[in-house]
Amino acid sequence: MTYFAVFFYIALTIIRVLTSGDAIRRERKFAIVTGTMIWVIAAIVQFFNNEILLFAMAVTLMILFIYLSFENPKEHFDEDTGTLNKRTFHLMLNDQYDSNKPLLVVSVVMDDLLPIQSVIGHDNVNRLLEQVANQMQLLFSNFVYHSRNNVLSLLLHEPLDEINLKLSQLETYLDQTFKVAQYSFVAKFHIDIIKTKTVKESCDEIYELMNYITAHHQSINGQKIYLLNEAIISQKQRHLTIERMLHDAINHDGLTVVYQPIYDVAKKCFRSAEALVRLTDTQTIGFISPEEFIIIAERKGLIMDLGRIVFEKVCAFSATHQLYNEALDYIEVNLSGIQCVHPDLPRQLETIMKRYDIPPAFLNLEITETASVESGEMLDRNMIDLRKLGCSFSMDDFGTGYSNLSKMSEVVYDLVKIDKSLIWPCFTENNEKSLAILKNMINMLLELNVKIVAEGIETKEMQDFLVAQNITYLQGYFFSRPIPEEEFLHFLDCQPE
Ligand code: C2E
Ligand code: MG
Ligand code: MG
């Protein structure tokens, strides 16, 4: 009976190790396999030599082995959601990644974690994630990891076509109205899938790719299930290249500033300009728009340096040609949302203006509407300090952000720049609504006594219409594209007096 029981247990252990091998960590597997082998050998030896009491010693050894490989299970659990935690996810990914079998990392990402958290509270978000994790476990019969704040992941060894059905069931499940405590709501999820070994990557790269597609899937396309493919990898490569180019440009004078003249309707000439940054390197991957590289600079912590260089170049150019003596009234310089809330910004700009002896009133700082709504107190403080020095401010891209109209009553901007996306639709068919919005917006701004710049003026028709609306300044390709310093000086010289 004893031997039968022993063999039964051994067989069970072996089967268990073989069937759930993927879920067991390598050290633990090694301990179990070695321990079991010692046990089997001891059992066989003892079977033939009944007088040696080897078996008991083997059992002790096996228990010791397994004991040494024990870990505190609490270390692996995420108590908030009842799933396995981030640390375990990393351990298992490293383990299974090395096992050379193709591996699918399937992640359910909750896109609107923060807004939902602010409505239903932190604890209830955890209940929601727990519900989703249970469903994932049920569908895929596999462990679920809370691999990042708003991400639940599975590590699967099945081929992708075999899990398609389960994936679409999961997708349907995620679309439902969730009920947590007294709240019913729909949450926004998407599913990222990374198939390893299809591309040459290391384990670290998988984490990076996971982060990357989570952050960028919306900008790439709006699908719900998102499979990592060559396009994303090359886009990520492009971002890395741009990041490297930015580092180079910042360290080796690879940035230039171009100027787009701004037309003064009353004076009928160009009395100001907007400074726009460009990367000098247009060889590596062609021309890169600042719309693309500014975001990368912001994400990679390079924007303060970039902003400083642009500001310095504008000051140097203005000083060299004494632009503030008659040639121009002011130059507009764009500030990124991150610069706006940097406690060091006023001091940084003041130092540069002093170095080049530029009157601060010559510089108008553009802050986007989105940054102005999102930035809060730090921006207010910076604006007060800079205003004390004499700088003025423009609200850029008006009409594209949150249009916080209540805030407009405390207008702290000298200029408001109406974005081209509000202007262009007025010059298409069925433009009644766009016209109504634009006209009323202009009237509101005029009543608030701010000066208006209309951006993106490309035709005579646009110019005539906006002049009729009493707009103060016009900017756009109709007058001039952004041009390099020398060309800009020539442009100013040639304008009619
Ligand atoms: P923005 O500040 O709204 O600048 C206006 C953009 O509209 C410029 O694009 C300009 O070339 C373009 N534009 C002007 N008139 C026309 C037109 O008639 N038609 C068309 N299609 N486009 C027109 P650019 O230079 O590519 O800059 C894009 C954005 O990048 C800027 O938008 C600004 O948000 C950002 N940016 C540019 N330079 C800097 C900078 O030095 N610092 C920061 N933080 N952001 C910058
Ligand atoms: Mg601007
Ligand atoms: Mg703009």
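Scope of the values below: all heavy atoms of this structure, side chains included, with no hydrogens, waters or symmetry mates. Atoms within each ligand, like the ligands themselves, are counted from 1 in listed order.
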Q: Report the C-alpha separation of E243 and R299 in whole Å, then their side-chain angles, then the decisive distance to 0.1 Å, and conclude whether the salt bridge (Lys or Arg N to Asp or Glu O under 4.0 Å) test is met.
A: CA-CA 10 Å; E243 186 189 340; R299 283 211 191 105; over 6 Å; no
Q: Apply the test ring-ring contact (aromatic ring centres under 6.0 Å, His included) to residues F465 and F427: give CA-CA distance (whole Å), side-chain angles for both, the deciding distance (0.1 Å), then the verdict.
A: CA-CA 10 Å; F465 172 76; F427 299 87; 5.7 Å; yes
Q: Before giving the answer on side-chain contact (heavy atoms from CB on, under 4.5 Å), spell out for Y145 and T83 the whole-Å C-alpha distance, their side-chain angles and the decisive distance to 0.1 Å.
A: CA-CA 5 Å; Y145 303 86; T83 53; 6.0 Å; no
Q.
Before you tell me yes or no, could you show the steps for E455 and D397 under side-chain contact (heavy atoms from CB on, under 4.5 Å), namely the whole-Å CA-CA distance, both residues' side-chain angles and the distance that decides it to 0.1 Å?
A. CA-CA 8 Å; E455 288 184 308; D397 301 344; 3.7 Å; yes
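Using a cut-off of 4.0 Å between Lys/Arg side-chain N and Asp/Glu carboxylate O, K460 and D464 are scored as salt-bridged. A salt bridge does not link D80 to R127: none of the charged side-chain nitrogens sits closer than 4.0 Å to a carboxylate oxygen. Of the charged side-chain nitrogens involved, none lies within less than 4.0 Å of a carboxylate oxygen, so that K420 and E458 do not count as a salt-bridged pair. The existence of a salt bridge linking D264 and K451 is excluded, since no basic side-chain nitrogen approaches an acidic carboxylate oxygen closer than 4.0 Å. We find that D253 and K313 are joined by a salt bridge, their nearest charged nitrogen and carboxylate oxygen being less than 4.0 Å apart.
Here the closest non-hydrogen pair linking L422 and F398 is CD1-O, 3.5 Å.
Given atom 5 (C) of ligand 1, the protein heavy atom at minimum distance is E455 OE2, 3.9 Å. At the shortest separation from atom 3 (O) of ligand 1 among protein heavy atoms lies D397 OD1, 3.0 Å. Of all protein heavy atoms, the one lying nearest to atom 31 (C) of ligand 1 is L276 CD2, 4.3 Å. Looking from atom 13 (N) of ligand 1 to the surrounding protein, the closest heavy atom is Y477 CE2, 3.8 Å. The nearest heavy-atom contact from the protein to atom 36 (N) of ligand 1 is P290 CB, 4.1 Å.
Between the side chains of S394 and E366, no donor N or O sits under 3.5 Å from an acceptor N or O.
Distances from atom 2 (O) of ligand 1 to the heavy atoms of V277, L255, D396, D419 put D396 nearest. If you check each of Q475, R481, E291 against atom 28 (C) of ligand 1, the one with the closest non-hydrogen atom is E291. Of the candidates E458, M462, Q260, it is E458 that places a heavy atom closest to atom 17 (C) of ligand 1.
Contact annotation for atom 9 (O) of ligand 1: protein absent (non-hydrogen atoms, distance under 4.0 Å). Atom 34 (O) of ligand 1 lies below 4.0 Å from none of the non-hydrogen atoms of the protein. The protein reaches atom 26 (O) of ligand 1 closely, with a heavy atom under 4.0 angstrom from it.
Per-residue contacts place L335 under 4.0 angstrom from the following atoms of ligand 1 (heavy atoms of the residue considered): 44 (N). Near P482, meaning under 4.0 Å from one of its heavy atoms, ligand 1 places the atoms 11 (O). In the vicinity of E366, heavy-atom distances shorter than 4.0 Å reach the ligand 1 atoms 2 (O). Close approach of ligand 1 to V310 (heavy-atom distance below 4.0 Å) involves ligand atoms 41 (O). For ligand 1, the atoms lying closer than 4.0 Å to a non-hydrogen atom of S336 are 44 (N).
The backbone N or O of L84 lies less than 3.5 Å from no partner atom in the side chain of T88, so there is not a single donor-acceptor pair. D396 places no side-chain N or O within donor-acceptor distance of the main-chain N or O of I367, the cut-off being under 3.5 Å.
Rounded to 10°, the angle formed at the Mg ion (ligand 2) by OE1 of E366 and OD1 of N334 is 80°.
The distance from the Mg ion (ligand 2) to the nearest N/O/S atom of D397 is not under 2.8 Å.
Within the cation-pi definition used here (under 6.0 Å to the ring centroid, within 45° of the axis), R308 does not qualify as a partner of F311.
The nearest N/O/S atom of D396 to the Mg ion (ligand 2) is OD2. E274 contributes OE2 as its N, O or S atom closest to the Mg ion (ligand 2).
Using a 4.0 Å heavy-atom cutoff, K420 is listed among the residues neighbouring ligand 1. Note on ligand 1: R278 sits in its first shell, one or more heavy atoms being nearer than 4.0 Å. At least one heavy atom of W424 lies less than 4.0 angstrom from ligand 1.
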